[in-house]
Amino acid sequence: MTEIITRKEWKRYVIAAAVLGILFVLLEIVPMILSVSDHKYGGKVIDKGEIEEMAVRFAESETGYAVREARTVHQSDKLLSGYLSKEKLTQKFEDDYGNRFATDTFQVNLKFADRKGSGFVYLNMYTGDVLAWNLNAAASDSLSEEEKREQLQSFLLGKQYKDADLESLTEYENGEWGMTPEGIKAGEADLNVTLQVQSVNGKSVITMYKPVFDVPEDYKSYVKGQDRLAGWLTGIGYLLMSVILGILAIVYSILYRKFTSFKYGWLLTVVFTIAYLIMNLSVFDGMIAAQGESPLDDGVLVFTAVITVLLTVPMAASVYLSIVAGDGLWKEQGRQVWPRLGQPGYGDYVWRSMGLSYLLAVILLGIQPLIFRALELIIGTWGTSDVTMSPYNFSVLWLMPVLAWAAAISEEAVFRFFGIGLFRKWFRHTFAAAILPTLFWSLGHVMYPFYPSTTRLFELMVIGLLFSFIFVRYGFITAMFTHAIFNSIAVGSSLIMVGGAPNIVSAIFFVLLPVLIAYVLRAWDRKKKRTNPPITSTVYPLEPQ
């Protein structure tokens with residue numbers, strides 16, 4: 001019987017983890033730390049509660065109306081952020097305009113009391129300065145064109161615009177005004193300023209000030225086309241194939257029920273379900289931010305929450321049935337890639353798998369930035385922002401690492417444990433069996449904020465095949481732990497950069513959680529009296545049926 005890992009393999013993985021771990025630190029962690037240390041405000045974001053108070057004070061002082069409701073979300077100009085990244089202008093933009101304009105802000109959505117309207121205030125995340133606003137407050141248009149022009153000109157001069165810039169100030173048919181100052185550019189992106197002045201509560205008020213850098217049309221067109229492509233790839237390659245795999249899991253769990261048990265997988269499914277619910281019910285702020293100035297109604301949010309809970313049922317069922325069907329498929333093929341609690345030596349097996357998983361996760365973390373840099377050279381990859389994935393839009397931030405575990409459990413169960421088992425049964429070749437499930441899994445990530453949209457497809461085909469190797473060679477537990485550690489370190493680094501004791505403690509806890517799980521299982525297992533030989537292989541021999 002082959003040992004789980006030979007001494008020579010341990011040595012190779014330790015050396016590889018050491019080398020690639022150093023690369024990961026140099027290519028990912030050090031730049032992250034330097035970006036914070038070099039940041040003019042130390043990268044310290046103001047608490048959302050304080051931001052909310054600032055926005056409320058500003059809106060009330062401008063309009064004279066009381067604010068009855070406020071909600072703060074992280075907002076980002078995705079087009080501008082991506083354009084600056086592509087053209088390597090991000091740092092120059094920050095140096096030139098960091099105090100006046102920003103790609104990322106806190107957007108505070110307001111509702112005035114007594115049905116006096118609503119509004120949006122955008123504040124600098126680090127200073128709390130109000131950078132833009134749109135106050136849809138009850139107003140009467142009693143000002144003449146000349147009065148409006150004079151007030152707008154006075155306001156703009158106070159905002160550091162020059163007299164020459166005001167020459168382009170023009171009134172539009174909808175009552176708004178626009179201006180395109182000369183010389184204020186980010187690459188080929190011109191600054192367009194939209195304004196509105198109205199009589200509110202008996203006084204003249206600038207109810208809108210929106211400075212926006214308009215990126216070139218060819219860039220807009222390219223991004224739109226890439227987003228459309230990503231939508232098709234995700235819809236057909238990932239969602240449709242996930243549904244088909246779910247149906248096949250039902251079929252094969254029935255066909256191969258004599259090789260498995262419907263008792264398998266329920267605990268892991270429960271863990272996934274809880275993590276999945278936490279993950280999806282915590283991202284409403286991201287959904288609100290994605291709507292911009294078309295905020296979701298409270299009823300829509302409630303409806304979305306209900307739908308999310310209902311969709312959790314088929315998701316959980318897919319994970320559970322993939323585990324049952326996958327177990328049957330692998331056992332029918334003469335392999336047990338997931339030994340079970342209660343089998344002899346199970347605790348020691350899990351402990352060794354956990355130790356190996358940390359080495360493998362570090363290796364993958366070091367390989368990932370190398371792939372990205374290769375793609376930058378080959379296809380010109382660049383990234384942008386996505387408010388739906390922002391840690392500042394996660395309602396309970398310290399719980400964000402549950403994302404790592406929800407993904408690790410579901411993706412390893414569906415695409416590796418069941419997917420590879422199914423295609424291995426069909427193709428009779430392990431490597432060929434790994435290609436299609438890895439492709440489907442990779443296509444589920446193409447809508448992440450990287451361009452071209454195929455960036456993550458190329459990257460995750462490599463990472464996914466490495467995960468497949470880990471699964472086939474060392475078993476499901478090792479693959480799941482590796483995936484969870486890999487994701488937890490990525491998410492945890494974001495939490496640590498955000499700061500705060502709960503976030504830092506949570507990041508460390510979830511990264512070390514496999515150690516706790518393996519320790520508990522080994523301690524429990526050693527208390528049991530065993531008469532059978534212990535598990536020493538990830539490819540455990542099939543038990544007599």
Side-chain angles (χ1 to χ4, degrees), residues 1-25 326 330-331 333-341 343-371 408 411-413 415-417 419-421 424 429-435 437-438 460-490 511-519 521-522 525-526 533-542:
M1 187 170 3
T2 307
E3 289 187 358
I4 182 171
I5 181 170
T6 65
R7 290 180 179 273
K8 185 178 291 186
E9 284 179 301
W10 273 112
K11 184 177 180 180
R12 284 203 300 264
Y13 285 135
V14 167
I15 294 172
V19 173
L20 290 166
I22 292 172
L23 276 177
F24 172 69
V25 171
W330 284 104
K331 284 183 177 177
Q333 295 173 61
R335 302 184 66 186
Q336 186 183 23
V337 293
W338 186 5
R340 303 293 174 163
L341 185 65
Q343 290 184 239
Y346 176 81
D348 290 330
Y349 166 81
V350 173
W351 184 259
R352 290 194 302 271
S353 296
M354 174 273 298
L356 178 59
S357 296
Y358 279 98
L359 294 177
L360 295 170
V362 171
I363 290 170
L364 292 177
L365 285 166
I367 291 174
Q368 188 179 48
L370 295 177
I371 297 172
E411 293 171 5
E412 292 304 319
F415 296 102
R416 246 74 76 178
F417 192 52
I420 295 178
R424 188 174 185 270
H429 190 280
T430 303
F431 180 74
I435 297 294
T438 300
L460 289 177
M461 279 300 296
V462 176
I463 297 295
L465 288 174
L466 291 174
F467 272 128
S468 298
F469 165 77
I470 293 168
F471 165 74
V472 172
R473 174 65 180 86
Y474 301 112
F476 176 78
I477 293 176
T478 305
M480 184 182 66
F481 275 165
T482 302
H483 199 152
I485 296 165
F486 179 87
N487 287 354
S488 294
I489 292 175
V511 169
L512 297 179
L513 184 55
V515 178
L516 176 62
I517 294 171
Y519 178 82
L521 290 175
R522 185 176 67 165
D525 187 65
R526 286 183 173 180
I535 301 170
T536 57
S537 170
T538 57
V539 187
Y540 194 63
L542 194 64

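No experiment lies behind these values; they were computed from the predicted model shown. Counting from 1, the numbers follow the sequence of the chain as shown.
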Considering only heavy atoms from C-beta outward, does the side chain of [X] approach that of [Y] to under 4.5 Å?
{"X": "Met354", "Y": "Arg522", "result": "no"}
{"X": "Thr478", "Y": "Arg352", "result": "no"}
{"X": "Val25", "Y": "Ile22", "result": "no"}
{"X": "Leu516", "Y": "Leu512", "result": "no"}
{"X": "Phe481", "Y": "Leu356", "result": "no"}
{"X": "Leu370", "Y": "Leu20", "result": "yes"}
{"X": "Asp525", "Y": "Val350", "result": "no"}
{"X": "Val472", "Y": "Val337", "result": "no"}

About how many Å separate [atom2] of [Y] and [atom1] of [X], when rounded to the nearest 0.5 Å?
{"X": "Phe415", "Y": "Ser468", "atom1": "CZ", "atom2": "OG", "value": "11.5 Å"}
{"X": "Thr438", "Y": "Arg416", "atom1": "OG1", "atom2": "CZ", "value": "5.5 Å"}
{"X": "Leu359", "Y": "Ile15", "atom1": "CG", "atom2": "CD1", "value": "11.5 Å"}
{"X": "Ile470", "Y": "Leu364", "atom1": "CD1", "atom2": "CG", "value": "5.0 Å"}
{"X": "Ile367", "Y": "Leu23", "atom1": "CD1", "atom2": "CG", "value": "10.0 Å"}
{"X": "Ile435", "Y": "His429", "atom1": "CD1", "atom2": "NE2", "value": "10.0 Å"}

Start with the C-alpha gap between Phe417 and Met480, add the side-chain angles, then the distance that decides, and say whether side-chain contact (heavy atoms from CB on, under 4.5 Å) holds. CA-CA 10 Å; Phe417 192 52; Met480 184 182 66; over 6 Å; no
Can you give me the closest heavy-atom contact between [X] and [Y], atom names plus distance?
{"X": "Gly421", "Y": "Gln333", "answer": "O-NE2, 3.0 Å"}
{"X": "Ala433", "Y": "Pro437", "answer": "O-CD, 3.0 Å"}
{"X": "Ile485", "Y": "Pro514", "answer": "CG1-CG, 3.7 Å"}
{"X": "Val462", "Y": "Ile371", "answer": "CG1-CD1, 3.7 Å"}
{"X": "Phe467", "Y": "Thr482", "answer": "CE2-CG2, 3.9 Å"}
{"X": "Ser353", "Y": "Ser357", "answer": "O-OG, 2.7 Å"}

Using the side-chain contact (heavy atoms from CB on, under 4.5 Å) rule, take Val362 and Phe24 through it: C-alpha gap first, then chi angles, then the decisive distance, then the call. CA-CA 8 Å; Val362 171; Phe24 172 69; 6.0 Å; no
Could you walk me through whether Arg424 and Arg335 pass side-chain contact (heavy atoms from CB on, under 4.5 Å), step by step? CA-CA 12 Å; Arg424 188 174 185 270; Arg335 302 184 66 186; 4.1 Å; yes
Which of parallel (below 30°), tilted (30 to 60°) and perpendicular (above 60°) describes Tyr346 and Tyr349? tilted
Partners passing side chain to side chain donor-acceptor pair (under 3.5 Å) against Tyr13 (at least two apart in sequence or in another chain): Tyr474
Run the side chain to side chain donor-acceptor pair (under 3.5 Å) test against Glu411 and tell me which residues pass, sequence neighbours left out. Trp441, His483
With side-chain contact (heavy atoms from CB on, under 4.5 Å) as the test, would you mind laying out the steps for Ile420 and Trp330 before giving the verdict? CA-CA 9 Å; Ile420 295 178; Trp330 284 104; 3.8 Å; yes
